[in-house]
There are 4 protein chains.
Amino acid sequence: MTDQSRPGRKRSEQSRLAILAATLELVAEAGYGALTIEGIAARSGVGKQTIYRWWPSKADVLLDALATKADLQIPIPDEGSLRADLTRFLGRTFELGDKSPVADTLRALMAQAQIDPEFGKRFREEFLFRRRDALGRIVDRARERGELPAGVGSGTVIDVVFGTLWYRLLATREPVGRGLAGELVALLSAR
Amino acid sequence: MTDQSRPGRKRSEQSRLAILAATLELVAEAGYGALTIEGIAARSGVGKQTIYRWWPSKADVLLDALATKADLQIPIPDEGSLRADLTRFLGRTFELGDKSPVADTLRALMAQAQIDPEFGKRFREEFLFRRRDALGRIVDRARERGELPAGVGSGTVIDVVFGTLWYRLLATREPVGRGLAGELVALLSAR
Amino acid sequence: MTDQSRPGRKRSEQSRLAILAATLELVAEAGYGALTIEGIAARSGVGKQTIYRWWPSKADVLLDALATKADLQIPIPDEGSLRADLTRFLGRTFELGDKSPVADTLRALMAQAQIDPEFGKRFREEFLFRRRDALGRIVDRARERGELPAGVGSGTVIDVVFGTLWYRLLATREPVGRGLAGELVALLSAR
Amino acid sequence: MTDQSRPGRKRSEQSRLAILAATLELVAEAGYGALTIEGIAARSGVGKQTIYRWWPSKADVLLDALATKADLQIPIPDEGSLRADLTRFLGRTFELGDKSPVADTLRALMAQAQIDPEFGKRFREEFLFRRRDALGRIVDRARERGELPAGVGSGTVIDVVFGTLWYRLLATREPVGRGLAGELVALLSAR
DNA sequence: AACTAAACGAGACGGTACGTCGTGTCTTTCG
DNA sequence: CGAAAGACACGACGTACCGTCTCGTTTAGTT
């Protein structure tokens, strides 16, 4: 389909990996604010053009690097109760988000999504909404089982969960510990 | 103390206002990503030095502009019930945050707070934590009245409320309508 | 010897001509300053490598294109007098050099010969010195007939003739009209 | 007039001189083909913008550097005879043009004048035509004294002199020695 | 009234990074 | 195996802003 055999040199996988690796290193070392395309190119031994050819912005490189390194795919548990599913889902999410370099990167991406509208669209569609969909499945099943309080839409439940997580990440910068999972479960369970 | 009468020319209030006005105009016209100190100076007919003299970064100018224009101070209601207090507090908050230019500015500031650690500190202390404190009073009173579910800390309640708001602002970009207030109240009330 | 039947595909005459034609078109359209190998390849529908394979620089392509298009070979007249020979030689030269695209190309080549020493060497040997030799024959015959002023070397006579032509081309950019031939003849004839 | 007192920082003479010096050094070391604005800025410890602010192209920087270093103003002699005036004028010219770095620079400027039409105009008006005017005075006086051959216009005389010099510089690259002056005088004197 | 001191608009300065263009090379596929 | 297509590392381009630094000017106290 997309990989029909075209003439011409093929994209260098080696360069691609070097770019992603260099990007993560640089963000870890000096923060997203100091990340530059020029710097990535220099560190990875690549021409700038090679970066511009394949990614529309440095935030996209970073998102790609994050996705390639940390497998962001979180399995959707199905254990028969909201309590169990949510605990497991959040536990897995915390595991990722608590690693400081991953947390820093997520912060930077969410920030850049606000400042660069084009990237914002991609970030929402390729990252945020996928996570929403995953949680959505869990919530839908819980609703069918009658585990959710009436008067609170499924969308809102999802917003509350991710909202709290992101708020801790962005605003209070407290580690999103184990306790939070229990509190959210308590709050969201029908009583 | 600080404002002891010193010799020399006084700070020009006219320049200050021109800078803040120009800043808001420019953000409204082309977005925060296109905001530059150079542009603010040109638009407001001011030397760049005058901006650097009084604000540490362009985000600080913007925060100042926002505070000067929209009164961000939200009164802390005390109507005797969590339901009433929260509804009123959120209603007042939505009023502000639903005006698109204000929402855009808040998004930009939260974004910049992630990217520029120095500004992040100021933004948290001078803006985010003040809002938290206001809501904290409401929550504390509700707790005393036993209106809150057990097993959920006051901090978490606050995180849930603001988290949901910010998440809608930053991630889903849905208008934070009236309905949300009711849903949050329902969720947070002891049952 | 050199054209022994070698294995492999033969050089494509079609590509060669397309390259030369494209080169002349591009110079005519936007000037030598805007001429690029990349542009020639694109215009002629040829891979860049094909150009690099057969010419050492874009100036060489242009020189080749000029030689292929305008026959630069000027016959050496022998009419028995310096006056007649020189008039005829210069007339034929002017015919060529007054066509604006040819003049522009010559200017560009002489310029590039100054900037790129490698090409300079080739340009001198393959173009400039051949023209010198042609005029040299005329001058030598005139000298034998005693038509040249004493005290002026043959080399200088040639330098004066070509120097004046090139100077008009490069510096004053005046059309090298008919009159000039007469004046040069007058100046160079023994009196 | 032009130097009316304007607000703002003044142009830095130190930077200007550093730029001109660096330019000459770089041309001398690696040739005009390797001269870059970037290189000049680096060598002179100046920002690129400072160069772009004051000169329209690197050739203009070089022309300025040449004019500042070697005083290109050649005095117009008036000794009463074409022979004496011309000998002196050419002698002074040779002195300059025989210094290899000056010769190389002149070659490069004349070349660039062909490739960049904008610079070409400036080079002709600010350099070539001034030299022509100087020689023009000498020729005019000679004409009044009847020292020039009839049938050869003053403009052509000038073209012959400068043409021969430039041709030697650009094409044969022979040193323009003393002998040439004598031969030109012989050729141009009425007989 | 003279003096001092700070803030002001203007704008040049040394820098850094941008995103683009062209170079010359290398790799792949096709004829 | 030549030739198209096109990716690659590299280097320079010319521009935009950064934050700093003079300038000459204006405005307030302080002597």
Side-chain angles (χ1 to χ4, degrees), chain A residues 4-12 14-16 18 34-42 44-54 56-58, chain B residues 4-12 14-16 18 34-42 44-54 56-58, chain C residues 6-12 14-16 34-42 44-54 56-58, chain D residues 5-12 14-16 18 34-42 44-54 56-58:
Chain A
Q4 88 251 3
S5 160
R6 287 185 297 112
R9 189 172 177 173
K10 287 207 174 98
R11 177 172 183 182
S12 160
Q14 183 182 323
S15 291
R16 188 183 148 265
L35 184 68
T36 63
I37 298 272
E38 203 120 297
I40 298 171
S44 59
V46 138
K48 282 197 288 175
Q49 198 63 258
T50 300
I51 301 177
Y52 284 112
R53 203 173 353 246
W54 302 109
S57 80
K58 68 183 178 187
Chain B
Q4 87 245 6
S5 156
R6 285 181 298 113
R9 190 173 175 173
K10 283 198 176 112
R11 177 172 184 183
S12 160
Q14 182 181 322
S15 290
R16 188 184 151 265
L35 184 69
T36 63
I37 298 270
E38 205 119 296
I40 297 171
S44 58
V46 138
K48 283 199 290 175
Q49 196 63 259
T50 301
I51 300 176
Y52 284 111
R53 201 170 358 240
W54 301 109
S57 82
K58 68 183 178 185
Chain C
R6 287 184 293 113
R9 192 169 169 178
K10 286 206 178 94
R11 175 172 185 184
S12 160
Q14 184 182 321
S15 289
R16 188 181 152 266
L35 185 68
T36 64
I37 300 269
E38 204 119 292
I40 297 171
S44 58
V46 137
K48 282 198 291 176
Q49 196 63 257
T50 301
I51 300 176
Y52 283 112
R53 192 154 24 224
W54 301 108
S57 82
K58 67 184 179 186
Chain D
S5 160
R6 284 187 298 110
R9 190 173 173 172
K10 285 202 177 104
R11 177 171 184 181
S12 159
Q14 183 181 323
S15 291
R16 188 183 149 265
L35 185 67
T36 63
I37 299 271
E38 204 120 296
I40 298 171
S44 58
V46 139
K48 282 199 287 176
Q49 199 63 255
T50 300
I51 301 176
Y52 285 112
R53 211 181 336 254
W54 301 109
S57 80
K58 67 185 178 186

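First the proteins, then the strands, lettered A, B, ... as listed; each starts at 1.
Remark on DNA chain F: of its neighbouring residues C:Arg11 and B:Ile37, the 5'-side contact belongs to C:Arg11, judged by nearest-heavy-atom nucleotide. DNA chain F is contacted by both D:Glu38 and B:Lys48; D:Glu38 maps to the nucleotide lying nearer its 5′ end (nearest heavy atom per residue). Between C:Pro56 and B:Ser12, the residue whose closest nucleotide on DNA chain E is further toward the 5' end is B:Ser12. Of the residues near DNA chain E, C:Ala34 and A:Gly39, the one whose nearest nucleotide (by heavy atom distance) lies more toward the 5' end is A:Gly39.
OP1 or OP2 of F:dA9 lies within a sub-4.0 Å distance of a side-chain N or O belonging to A:Ser15. For D:Arg6 and E:dA10, the shortest distance from a side-chain N or O to OP1 or OP2 is not below 4.0 Å. Applying the 4.0 Å criterion to OP1 and OP2 of E:dT29, one finds that A:Lys10 has a side-chain N or O inside that range. Contact annotation: B:Ser57 does not reach the phosphate of F:dC18 (side-chain N/O to OP1 or OP2, under 4.0 Å). Distances shorter than 4.0 Å separate some side-chain N or O of A:Thr50 from OP1 or OP2 on F:dA9. Side-chain nitrogen and oxygen atoms of A:Trp54 include none within less than 4.0 Å of the OP1 or OP2 phosphate oxygen of F:dG6.
Taking atom CZ of A:Arg16 as the reference point, atom P of F:dA9 lies 14 Å away to the nearest angstrom. Rounded to an integer number of Å, the gap from B:Ile51 CD1 to E:dG11 P is 15 Å. For the pair A:Gln49 CD and F:dC13 P, the computed distance is 17 Å after rounding to whole Å. Atom CD1 in C:Ile40 sits roughly 17 Å away from atom C1' in F:dA4 (whole-Å rounding). Atom CZ of B:Arg53 is separated from atom C1' of E:dG9 by 10 Å (rounded to the nearest Å). Look at CG on C:Leu35: it is 14 Å from C1' on E:dT23, rounded to the nearest Å. The OH-P distance, from C:Tyr52 to F:dA5, rounds to 17 Å in whole Å.
Scanning all heavy atoms of the two residues, the minimum distance from B:Gly39 to B:Thr36 falls at N-OG1, 2.8 Å. Counting all heavy atoms, side chain and backbone alike, B:Ala41 lies closest to B:Gly47 at CB-C, 4.3 Å. D:Lys58 and D:Ile37 make their closest contact through CB-CD1, 3.9 Å (heavy atoms, listed as atom of the first residue, atom of the second, distance).
Under the 4.5 Å side-chain criterion, counting only non-hydrogen atoms from C-beta, C:Arg16 is not in contact with C:Trp54. When side chains are defined from C-beta on, D:Lys48 does not count as touching D:Ile51, because their heavy atoms never get closer than 4.5 Å.
The side chain of D:Thr36 has F:dC13 as its nearest neighbour among E:dC8, E:dC18, F:dC13. You'll find that the side chain of D:Arg9 is closest to F:dT22, out of F:dT22, E:dG22, E:dG9.
Residue D:Pro7 is classed as a base contact, given a heavy-atom separation below 4.0 Å to a base.
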